2 protein chains.
Amino acid sequence: METKKQTRRPKRQQRKKPTSDASSRRIAKRPATHTATYRTLKKSTKDIDAKNPPLRFTPLGGLEEIGQNMSVFEYKDDIFIIDMGLWFGEDATPGIDYVIPNVESLVPKKKNIKGIIITHGHYDHIGAIPHLTTILGGDIPIYAPALAREIIKKRQEEYKNAPKLQIHTVKDGDTIRISDTIHLKVHEIIHTIPDSIALTIHTPVGTMAYCTDLKIDWKKDGTPTGLDAYERMAKEKIHTLFLESTAAEKQGTSLPEEIAHENIEILMKAAEGRVIIGLFASLLNRVAEIIKIAEKLDKKVALSGFSLKTNFNIAQSLGYIKVRKGTIIPLEEISKYKDNQILILSTGAQGEPNASLMKIAHGEHRTVEIKASDTIIFSSSIIPGNEQAIQNLKDDLTRQGARVIQSQHIDVHSSGHGPAGDLKKVIGIIQPQYFVPIHGMYFMRAANVELAKEMGVPKQNSFLIDNGNILDMYADHIDVSDETVASQYVMVDGLGVGDVEEVVLRDRRALAEEGMIVVIATIDRRTGRFLKNPDIISRGFIYLKENKGLIEDMRKRVKLAIQKIPRIQSVETEYIKTLLREQLGQFIFNKTKRRPMILPVIIEV
Amino acid sequence: METKKQTRRPKRQQRKKPTSDASSRRIAKRPATHTATYRTLKKSTKDIDAKNPPLRFTPLGGLEEIGQNMSVFEYKDDIFIIDMGLWFGEDATPGIDYVIPNVESLVPKKKNIKGIIITHGHYDHIGAIPHLTTILGGDIPIYAPALAREIIKKRQEEYKNAPKLQIHTVKDGDTIRISDTIHLKVHEIIHTIPDSIALTIHTPVGTMAYCTDLKIDWKKDGTPTGLDAYERMAKEKIHTLFLESTAAEKQGTSLPEEIAHENIEILMKAAEGRVIIGLFASLLNRVAEIIKIAEKLDKKVALSGFSLKTNFNIAQSLGYIKVRKGTIIPLEEISKYKDNQILILSTGAQGEPNASLMKIAHGEHRTVEIKASDTIIFSSSIIPGNEQAIQNLKDDLTRQGARVIQSQHIDVHSSGHGPAGDLKKVIGIIQPQYFVPIHGMYFMRAANVELAKEMGVPKQNSFLIDNGNILDMYADHIDVSDETVASQYVMVDGLGVGDVEEVVLRDRRALAEEGMIVVIATIDRRTGRFLKNPDIISRGFIYLKENKGLIEDMRKRVKLAIQKIPRIQSVETEYIKTLLREQLGQFIFNKTKRRPMILPVIIEV
């Protein structure tokens with residue numbers, strides 16, 4: 001095979017570099033006109049007819065990435081928000097914990113926020129709550145289904161400065177009143193976690209359907225199940241459908257869960273020794289099913305991984321996971337049973353460095369060590385960017401003799417995001433007048449627009465906008481506003497929120513590529529002469545201990561550069577620094593074809 | 001979707017850290033005993049019976065990665081080498097250009113090397129030649145098929161210090177004489193580049209088959225073609241089959257090239273405007289076929305990308321690509337034709353930052369700008385690690401209105417590496433006594449051992465070894481030697497070969513994660529007192545301009561740490577540095593939960 005190296009391009013960050021002029025963002029540069037036709041008449045706020053106000057939709061996250069989902073709706077003075085998620089970023093954001101939506105535009109009108117509605121308990125929909133409620137206030141009512149509520153509460157506790165929350169539990173059929181004129185209805189739908197909901201938004205402008213993170217559960221015979229929510233939503237004429245786009249590009253329909261479960265059962269039966277299933281802690285529907293299979297096959301189940309245990313306990317306490325007494329055993333007791341009686345559920349199927357499966361693979365786990373008779377099933381999709389880590393994990397496990405099975409080769413996982421066939425089904429049932437694809441990168445959303453077109457929504461009725469753009473939705477049309485609001489990424493790194501900016505990431509990327517050199521020149525303030533030989537320290541460049549000749553040459557170069565400065569000038573440290581950076585940089589590039597970051601330090605004594 | 005961040009784990013490098021004790025490498029720690037059974041009796045060189053010497057096989061690359069393929073065979077005093085490739089490394093090797101095999105063990109006996117045989121012209125099989133012939137000498141005869149020969153010569157010219165090479169052209173049916181007792185026979189096989197060969201190695205121990213980088217070209221009706229080479233090889237009893245493992249884990253057989261070509265033709269016919277096909281410059285069989293389709297549809301073809309043009313010219317001059325006069329037009333002339341008459345072949349389907357397609361997508365290309373009517377076909381596999389870059393590239397192209405088609409969704413690419421069905425076919429024809437999977441990570445090779453077992457090779461006759469391990473092959477058995485040779489990665493970075501070591505990469509990774517802080521304390525040599533306020537410089541940590549409070553706190557912390565040193569001691573700079581690193585590190589971690597690299601500089605005046 002011919003392989004190509006690609007250095008991670010810091011594309012997103014380049015586009016997103018903080019700027020006070022929000023309108024200079026990408027959308028201005030590259031109008032997205034090919035699928036969604038923007039009305040030629042664009043209105044800014046001042047033009048809005050006060051008697052006939054629009055419902056304004058402003059996505060603050062989730063439209064340029066798979067994550068940090070947050071949609072803001074505003075009608076007159078009332079604001080409500082759907083979801084507040086985080087995003088783990090790209091390789092181009094080294095060292096960042098995660099990214100959260102930018103709520104700069106909401107701060108001045110935070111008193112208008114009447115509610116935050118949460119669709120389900122996944123971190124890309126709830127993960128920014130601790131940070132954003134700290135900014136916007138903990139007194140805004142949150143409406144969430146029971147399972148999400150418990151996960152939100154648990155997470156909030158981890159942030160000691162985050163406010164206490166006012167969470168109202170909602171369930172299928174409930175109504176959430178935002179104002180005299182606006183209310184939402186709750187519709188339970190199928191995803192990979194129990195208690196996932198879609199919403200209808202009832203407004204004077206019309207009724208909107210908001211359907212994120214969904215799949216259809218097809219039976220093996222091709223019968224779809226779980227469509228009742230959409231059918232109920234379709235009883236009213238739907239003005240606009242907001243629909244997730246994650247898998248819009250994928251052909252076909254969701255793999256029936258029945259098949260995934262049957263395959264897992266077959267593999268569990270066939271296993272000579274222990275079975276270890278790696279999955280996301282948040283894949284609670286799968287966990288519930290696997291436990292049923294384990295009970296059927298008379299296996300004991302041990303849970304490995306903190307987040308998995310936490311989620312399991314929450315789901316069990318709410319009755320979403322039902323388990324016989326004695327099925328769950330502590331991980332410490334697995335050796336009390338025969339190997340073929342043991343099933344271990346573990347986090348870490350993405351090769352995450354600190355997750356349980358990685359520790360097991362590396363022999364660093366407290367109680368579990370791989371045996372040659374183990375069967376390890378990865379029951380999860382591969383998240384783009386994790387491929388190498390997963391390959392390495394598989395390699396480590398296989399080297400220890402284990403049999404590793406991945407959903408790429410045997411169907412042991414059905415994604416929570418329905419592909420084209422599922423999405424078309426939903427669009428076909430709801431038959432909206434307008435279509436706004438959400439939850440996905442541009443190309444995924446563009447693919448979703450094509451699906452809507454196939455299902456009868458004309459392209460000019462579909463809108464491909466970006467985070468920070470605004471749709472003004474009227475009864476008989478939708479305008480894309482000229483206005484945009486701030487939507488630059490807010491990065492969370494350690495305890496800091498927003499203190500890592502593009503300039504810091506750029507430095508991290510530069511340091512990662514070629515390392516850096518610190519040159520310390522101690523010079524006499526009066527004479528400009530060197531008081532000692534320049535010091536040179538490098539990290540991540542080349543191994544200087546083995547390249548002493550090069551250091552000596554660099555020292556000489558530094559001396560030469562400074563000696564060339566005419567004595568008549570007073571010593572100008574900034575000038576000397578620039579000189580050293582340029583001259584030493586060129587010298588090093590000529591010698592090595594590398595461009596380490598050069599940090600000159602001038603000590604005047 | 002719930003997403004998980006994973007920080008790239010520097011696994012490989014940790015395992016590979018340079019050590020003089022080669023035997024301490026991974027294989028010793030984790031014996032691979034589950035599929036390949038090592039004979040209990042292990043021999044070291046001194047035990048070898050001089051009258052009955054083994055054929056020694058030492059892989060120096062390609063067994064722990066997809067790349068840097070290099071196999072060394074030794075019989076008595078005669079050495080021959082198959083392939084000398086490079087590997088582009090992992091995300092865990094930031095800034096590295098590529099990795100080449102370690103030939104430390106060959107240097108003392110370089111006079112014994114009788115030949116280097118090249119199987120085909122891909123960089124993972126030829127890319128290390130300039131570097132390694134510089135070390136081992138340019139006088140070793142190289143045997144290569146014509147196309148590989150030209151690519152090797154072209155590449156060698158780019159390295160002004162690399163020696164001139166002695167290349168002998170080989171073709172199907174040729175014999176390569178290594179010594180009185182050893183010769184090789186050349187068998188042309190199918191891959192994605194013309195002039196790909198497999199070898200039979202004829203030795204006193206037995207006849208070996210060496211089959212790397214291959215696929216079977218299935219017709220649409222399920223008839224395999226291109227098996228004659230393997231049938232010819234099987235005419236002799238084969239002692240050991242060395243077989244590539246890249247796609248061993250994948251079920252099924254290769255997608256028929258016919259189908260890929262038909263789909264490309266359908267898409268090209270359906271395109272309203274221009275068609276741009278992104279592929280590897282090395283996919284020369286595909287290029288040849290696409291040009292045929294273009295001629296059939298009366299389209300003009302323009303080539304974009306230096307490596308593509310170079311390879312095209314070589315392949316055309318050797319007659320591997322046949323093209324009518326007038327079909328190929330300069331890129332500058334595409335605007336002279338109607339859009340639907342234009343086909344552009346471009347490099348960069350992996351999202352490589354400097355490749356032609358990326359420049360086109362970013363509006364930085366000299367002559368090509370995306371139009372909304374363009375159809376862009378990615379006719380290549382996704383190399384693990386490139387997924388995010390490809391997604392971003394697709395996003396950029398789609399934003400400009402183009403229709404993007406990828407082989408994941410429509411079959412427009414058939415990989416050069418046959419999956420399980422192809423490999424089983426080859427094993428079944430050759431029916432070797434022993435089996436050594438090559439070209440692939442451990443889990444891929446382990447999957448290949450399972451295929452060999454299905455085809456009748458008992459597991460104890462299969463050998464899963466690593467780079468630097470040695471197989472002693474006798475007529476009636478194979479031993480895994482106790483000995484190992486150096487196989488630590490040799491990294492090429494800019495002009496340097498091997499001067500970037502693990503310590504440098506570790507620093508780069510650390511710098512990328514949390515950045516760094518330089519603390520400069522100027523103290524009086526005699527009193528240990530500060531002569532000026534400590535200087536603090538940071539890069540990649542947080543934006544200090546906006547966090548002046550933190551700098552002030554850090555300065556105070558530095559002063560405090562130094563003031564606490566009892567005056568009676570003489571100033572010990574190393575001690576002060578350690579003190580600053582620890583105390584400031586702890587202080588910063590408490591304040592920010594980050595651990596930047598801290599570089600204390602003590603200037604004594």
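In what follows, every chain begins at residue 1, and chains take the letters A, B, ... in the order their sequences are listed. Quick caveat, the model's predicted, so the values are computed rather than measured.
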May I ask you to name which of B:L599, B:V601, B:I537 has the most heavy-atom pairs under 4.5 Å with chain A?
B:L599

dist B:I603:CD1 -> A:D535:CG (nearest 0.5 Å) comes out at 5.5 Å

Between B:R508 and A:E513 (salt bridge meaning N to carboxylate O under 4.0 Å), is one present in this structure?
no

So which of B:M516, B:R403, B:Q251 has the biggest tally of heavy-atom pairs under 4.5 Å with chain A?
B:M516

Residue part contacting chain B, namely of A:R595, when any heavy atom lies under 4.5 Å:
neither

Contacting moiety of A:E249, where chain B heavy atoms sit under 4.5 Å:
both

Please give me the minimum heavy-atom distance between B:Q388 and A:P384, naming the atom from each residue.
NE2-O, 3.5 Å

Compare all side-chain heavy atoms of A:R539 with those of B:M597 and state whether any distance is below 4.5 angstrom.
yes

Would you say the side chain of A:M441 lies within less than 4.5 Å of the side chain of B:N392, judging by non-hydrogen atoms?
yes

Heavy-atom pair count under 4.5 Å with chain A, highest-scoring of B:Q406, B:K250, B:K394:
B:K394

Which heavy-atom pair separates A:A446 from B:T398 by the least distance, and what is that distance?
CB-CG2, 3.6 Å

Between A:R399 (side chain only) and B:Y442 (backbone N and O only), is there a donor and an acceptor less than 3.5 Å apart?
no

B:N354 portion near chain A, given a 4.5 angstrom heavy-atom threshold
neither

What's the spacing between B:E65 CD and A:D395 CG if we round to 0.5 Å?
10.0 Å

Between A:E514 and B:D493, does a side chain to side chain contact (heavy atoms under 4.5 Å, CB included) hold up when you go through it step by step?
CA-CA 9 Å; A:E514 306 277 20; B:D493 186 10; 3.9 Å; yes

So what's closer than 4.5 Å to chain B heavy atoms on A:T592: side chain, backbone, both or neither?
backbone

Quick check on A:F541 against chain B: is it the side chain, the backbone, both or neither that has a heavy atom closer than 4.5 Å?
backbone

Sub-4.5 Å side-chain heavy-atom contact between A:E387 and B:I382
no

